[in-house]
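Take a look at the structure below.
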Amino acid sequence: MKYVNSGVRKKDAEALVTGQPVYTDDLAPKDCLIVKILRSPHAHALIEEIKTDAAMKVPGIACILTYKDVPQDRFTMAGQTYPEFSPYDRLILDQRVRFVGDAVAIVAGETEAAVDKALKIIKVKYQVLDAILDFHDAKDNKILIHPEDNWESRFPVGADNKRNLCASSEEGMGNLEETFAKCKYVVEKTYHTKANQQAMMETFRSYTYLEHFGRLVIVSSTQVPFHVRRILGRALGIGASKVRVIKPRIGGGFGAKQTLVTEVYPAIVTIKTGRPAKLVYTRYESQICSSPRHEMEIKVKVGADEDGKILAIDLFTLSNTGAFGEHGPTTVALSGHKSIGLYRNTEAYRFGYDVVYTNRMAAGAYRGYGATQGIFALESAVSELAEKMGMDPTLIREKNMIREGDPFIAYDGSPTATSCTLDQCMERAKEMIGWDEKYPRKELPNGKVRGVGVAMAMQGSAIFKVDVGGATLKLNEDGSYTLGLGATDMGTGCDTILSQMAADILETDLDNVIPFGVDTDISPYDSGSYASATTYITGKAVAKAAENLKEKVIKMGASMLEVEPDEVTFNGKCVEKKDQSAKVTLPEIGVRGTFGNNDALQVTENCGAEISPPPYMVGIAEVEIDKETGSVELIDYVAVVDCGTPINPNLARVQTEGGIAQGIGMALFEDIQYTEKGAMANNSLMQYKIPSRLDVGKIRVEFKPSYEKSHPFGAKSIGEIVIDTPCPAIANAVYNAVGLRVEEMPIKPEKIAMALSDDCKMYE
């Protein structure tokens with residue numbers, strides 16, 4: 001292969017570094033109405049009266065909409081497959097507001113100043129209701145977040161709005177009680193992870209207009225264009241056929257843009273006024289009314305025999321979906337399926353969960369998608385189990401980790417580990433950090449102490465039996481290829497890696513493949529960029545399309561030479577008779593495709609997820625702690641990843657480094673806080689700390705490729721796995737340094753300092 005497994009430059013690199021207008025707001029028409037949202041100051045209330053007459057008199061105001069002016073069919077904003085697992089619990093605007101920041105009215109005007117003035121003039125009378133702010137209190141509470149009769153769950157996920165349940169389930173294998181009775185060592189703990197904001201550089205934004213046929217066009221920074229089309233068709237009551245979605249360049253998503261945060265508001269304005277409209281969230285709005293990671297509390301019980309063989313795992317997750325159920329039923333499942341599946345010797349397990357409604361901002365998708373929370377809990381408990389046994393935490397993992405060919409426990413993406421170098425990842429990570437010399441800790445002359453901690457993780461490659469990838473390849477008259485994609489490049493470089501695959505199969509230069517996307521009118525269907533699906537699923541579709549188009553090119557070239565296809569060769573530039581007596585060039589074949597031709601030189605292919613082969617990762621952190629102040633400094637972080645064949649090692653490395661940095665933020669800095677009345681206190685990046693380059697220490701990345709036979713190039717995913725190890729690895733490093741078990745993220749210096757001052761948690 002010339003391009004696959006090569007670190008070629010991204011297709012859009014030059015446009016980005018030269019500041020070309022490629023993002024949503026760059027492209028919006030200058031005459032767009034400016035759209036803003038009036039938001040609730042209450043966590044739970046009914047709107048008794050709303051007066052907009054005075055606000056409508058503000059010069060330049062074109063439209064003010066309340067719950068009385070919009071359709072009343074409920075829908076979900078979760079960009080997932082159809083029928084969605086998430087309940088239909090949303091309205092564009094509702095008489096009941098369910099969190100501080102919930103939408104009350106939509107205001108559209110000619111200028112931002114006019115809209116801001118009108119927002120201040122609207123008068124709203126609320127009946128303030130009791131709220132549920134603590135997710136421990138939500139299940140079966142007399143206060144109902146969604147008492148409405150038209151609430152609907154279309155998938156059997158255990159949802160019940162009369163119990164404040166978005167989802168509830170339990171599964172298992174074997175006799176758990178008998179198996180635990182055989183275990184000499186048992187650890188039982190409860191872990192808590194708070195919500196986290198994705199904090200992507202480009203905030204949520206969309207603009208809308210009516211095309212000349214009267215159809216609604218949405219240009220949006222979204223990860224899921226085809227889901228946006230379907231969801232808006234329902235929400236607006238016009239049907240998906242009347243909606244067209246275009247995705248320009250995205251300035252980051254990390255799962256946040258798998259939810260329709262902004263699209264519906266300018267869309268309803270355009271429907272009502274017939275005019276273009278746009279909504280651009282401020283950073284403040286992106287903090288208080290978006291789609292952060294689900295807060296979860298995870299109870300773990302894990303047991304091992306005297307030799308360190310892990311025999312039993314009991315895991316229960318309580319997940320806070322907030323005011324609405326976007327992604328609630330699906331994120332929680334990964335907290336168990338992606339953690340328990342790491343261990344191959346388990347004889348019995350139980351995994352149960354409740355996902356509850358509260359009067360907090362609705363949660364959504366975030367890189368790792370529930371696996372991050374579950375892996376933090378189980379990997380922390382396994383390290384504590386090893387300590388209880390007097391065993392090196394890397395050794396207990398080596399004894400129990402999944403290996404290639406082993407059957408999976410509690411993982412629904414594949415019956416066996418079809419490709420896996422997790423053991424090699426562990427071995428190499430230990431070498432890189434110098435584990436044997438540094439474990440468990442080292443006292444420094446300045447009074448500080450260093451410790452190392454380890455964690456391993458697995459994720460998935462697309463959603464098993466759900467996700468679909470699509471690709472269209474066409475040979476043009478000049479001999480170039482157009483690659484039409486339904487997948488969304490959100491900065492990861494998927495347009496580049498998919499072009500690399502196509503170029504190698506078609507034996508052409510990478511610059512000769514021109515990718516474009518996504519326009520739901522002309523792009524092939526694709527589930528979207530989430531669930532680590534693009535390289536694996538869309539990559540298979542690209543490879544299939546390239547192979548089929550190559551056959552068409554050879555067939556047409558042979559026809560032009562008046563011979564059979566088996567009598568010619570193809571070298572990517574021409575089709576030539578095997579005796580080398582005549583040939584036709586690729587541009588000549590492309591021209592023939594435009595006239596007198598009954599066989600179009602264009603192929604569209606789809607591929608689904610028959611299995612979901614996991615990528616794997618081992619992360620080891622080295623921290624330095626000041627025992628007087630409790631401050632934690634991350635000195636070194638090594639990561640070794642099995643993502644199958646890295647299609648573009650440079651982009652894979654950047655993905656890994658970025659995901660680790662986000663995981664470090666979750667572990668050490670990012671602390672969502674609410675007031676007593678349910679308002680978010682961290683409403684800007686001044687209060688909500690995300691790590692800078694100076695905060696993440698030294699990050700070192702290597703790959704231990706396996707070869708995944710279900711992919712034409714042996715590739716798996718990498719997008720999510722890389723965020724999963726920092727929380728448990730850093731928490732385990734803190735324990736090894738100072739003897740303090742961390743059971744809640746983030747790890748705050750004051751917690752360490754207070755615990756150490758008691759001496760009860762401190763090494764003697």
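Counting begins at 1 with the first residue of the sequence.
How far CD1 of I611 is from NZ of K465: 10.0 Å, rounded to the nearest 0.5 Å. In this structure, OG1 on T282 lies 10.0 Å from CZ on R205, to the nearest 0.5 angstrom. Here the CD1 atom belonging to I505 is positioned 10.5 Å from the CG atom belonging to L549, to the nearest 0.5 angstrom. To the nearest 0.5 Å, atom CG of residue N150 and atom CZ of residue R74 are 4.5 Å apart.
Of the charged side-chain nitrogens involved, at least one lies within less than 4.0 Å of a carboxylate oxygen, so that R215 and D521 count as a salt-bridged pair. Salt-bridge check for D495 with R249: failed, with every basic side-chain N at 4.0 Å or more from each acidic carboxylate O. Contact check on E84 versus R230 returns a salt bridge, with a Lys/Arg side-chain nitrogen under 4.0 Å from an Asp/Glu carboxylate oxygen. Using a 4.0 Å cut-off between charged side-chain N and carboxylate O, R98 and E148 make a salt bridge. Taking 4.0 Å as the cut-off between side-chain N and carboxylate O, E326 and R90 count as a salt-bridged pair. A salt bridge does not link R234 to D73: none of the charged nitrogens lies less than 4.0 Å from a carboxylate oxygen. Comment: K257 engages E202 in a salt bridge, judged by a side-chain N to carboxylate O separation of less than 4.0 angstrom.
S612 and S461 make their closest contact through OG-N, 2.9 Å (heavy atoms, listed as atom of the first residue, atom of the second, distance). Nearest heavy atoms, C289 versus R39: SG-CZ, 3.3 Å. Across all their heavy atoms, I145 and Y357 have their closest contact at CG1-CB, 3.6 Å. Taking all atoms of both residues into account, the shortest heavy-atom contact from Y3 to L510 is OH-N, 3.1 Å. When all heavy atoms are compared, the tightest approach of K544 to C607 is CD-SG, 4.0 Å. Of all non-hydrogen atoms in L27 and P248, the two that sit nearest each other are CD1-CB, 3.6 Å.
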(message) I'd like to know whether S286 forms a side-chain contact (heavy atoms from CB on, under 4.5 Å) with F204, so could you lay out the CA-CA distance, the side-chain angles of the two residues, the decisive distance to 0.1 Å, and finally the verdict.
(response) CA-CA 7 Å; S286 292; F204 302 91; 3.6 Å; yes

(message) Set out, in order, the CA-CA distance, both residues' side-chain angles and the distance that settles side-chain contact (heavy atoms from CB on, under 4.5 Å) for Y616 and I721, then state yes or no.
(response) CA-CA 7 Å; Y616 304 91; I721 181 70; 5.6 Å; no

(message) Is there a side-chain contact (heavy atoms from CB on, under 4.5 Å) between K247 and M490? Walk through the geometry before answering.
(response) CA-CA 10 Å; K247 187 277 314 176; M490 50 181 169; over 6 Å; no

(request) With side-chain contact (heavy atoms from CB on, under 4.5 Å) as the test, would you mind laying out the steps for I92 and L236 before giving the verdict? (result) CA-CA 8 Å; I92 301 173; L236 299 169; 4.0 Å; yes

(request) Walk me through it: do E285 and K36 pass the test salt bridge (Lys or Arg N to Asp or Glu O under 4.0 Å)? (result) CA-CA 10 Å; E285 288 176 296; K36 292 194 176 187; over 6 Å; no

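A heavy-atom distance below 4.5 Å is not found between the side chains of N161 and D89. At least one side-chain heavy atom of L216 sits less than 4.5 Å from a side-chain heavy atom of L210. No side-chain heavy atom of F85 sits under 4.5 Å from any side-chain heavy atom of T76. For the pair K10 and T496, the minimum side-chain heavy-atom distance is below 4.5 Å. The closest side-chain heavy-atom distance from V356 to S319 is not below 4.5 Å. Looking at heavy atoms from C-beta onward, Q459 lies in side-chain contact with L334 at the 4.5 angstrom threshold. The shortest distance between side-chain heavy atoms of L260 and L232 falls below 4.5 Å. Side-chain contact between I463 and Y530 is present, with heavy atoms from C-beta onward closer than 4.5 Å.
Using modelled atom types and a 3.5 Å distance limit, the side chains of S499 and K11 yield no donor-acceptor pair. No side-chain donor from either of T24 and S221 sits under 3.5 Å from a side-chain acceptor of the other. Side-chain contact annotation: R154 with Y82, donor-acceptor N/O pair under 3.5 Å present. Under 3.5 Å, the side chains of T330 and Y369 contain a donor-acceptor pair of N or O atoms. Checked by atom type, the side-chain pair T594/E477 shows no donor-acceptor distance below 3.5 Å. T418 and E708 are linked by a side-chain donor-acceptor pair at a separation below 3.5 angstrom, with hydrogens and angles left out of the test. Counting only N and O atoms by type, the side chains of Q373 and S335 include no donor and acceptor under 3.5 Å apart.
Panel note: side chain D724, backbone A457; no donor-acceptor pair is recorded below 3.5 Å. Here the side chain of S480 pairs no donor or acceptor atom with the backbone of N476 at under 3.5 angstrom. The backbone N or O of A487 sits nowhere less than 3.5 Å from a side-chain atom of S529 that would complete a donor-acceptor pair. Counting only distance, with no hydrogens or angles, the side chain of T203 and the backbone of Y281 share a donor-acceptor pair below 3.5 Å. Looking only at distances, a side-chain donor or acceptor of R293 sits under 3.5 Å from a matching main-chain atom of R367. Between the side chain of N648 and the backbone N or O of V8, at least one donor-acceptor pair lies under 3.5 Å. A donor-acceptor distance shorter than 3.5 angstrom exists from the side chain of T488 to the backbone of Q223, with no hydrogens or angles considered. Side chain of T208 to backbone of P276: no donor-acceptor contact under 3.5 angstrom is found. Panel note: side chain H337, backbone A371; no donor-acceptor pair is recorded below 3.5 Å. Counting only distance, with no hydrogens or angles, the side chain of T472 and the backbone of T604 share no donor-acceptor pair below 3.5 Å.
Remark: K550 NZ is packed, more than 12 non-hydrogen atoms of other residues, nucleotides or ligands lying under 6.0 Å away. Around CD of E211, the count of heavy atoms belonging to other residues, nucleotides or ligands within 6.0 Å exceeds 12. Open room surrounds OH on Y284; 12 or fewer heavy atoms of other groups in view lie less than 6.0 Å from it. The neighbour count for K552 NZ, taken as heavy atoms of other residues, nucleotides or ligands under 6.0 Å away, is above 12.
Between Y525 and H227, the angle of the ring planes goes over 60°, which puts this pair in the perpendicular group of the 30/60° scheme. Note on ring orientation: taking the six-membered ring where Trp is involved, the planes of F713 and H711 are tilted (angle from 30° to 60°).
Two rings, from H294 and Y366, have their centers 6.0 Å or more apart.
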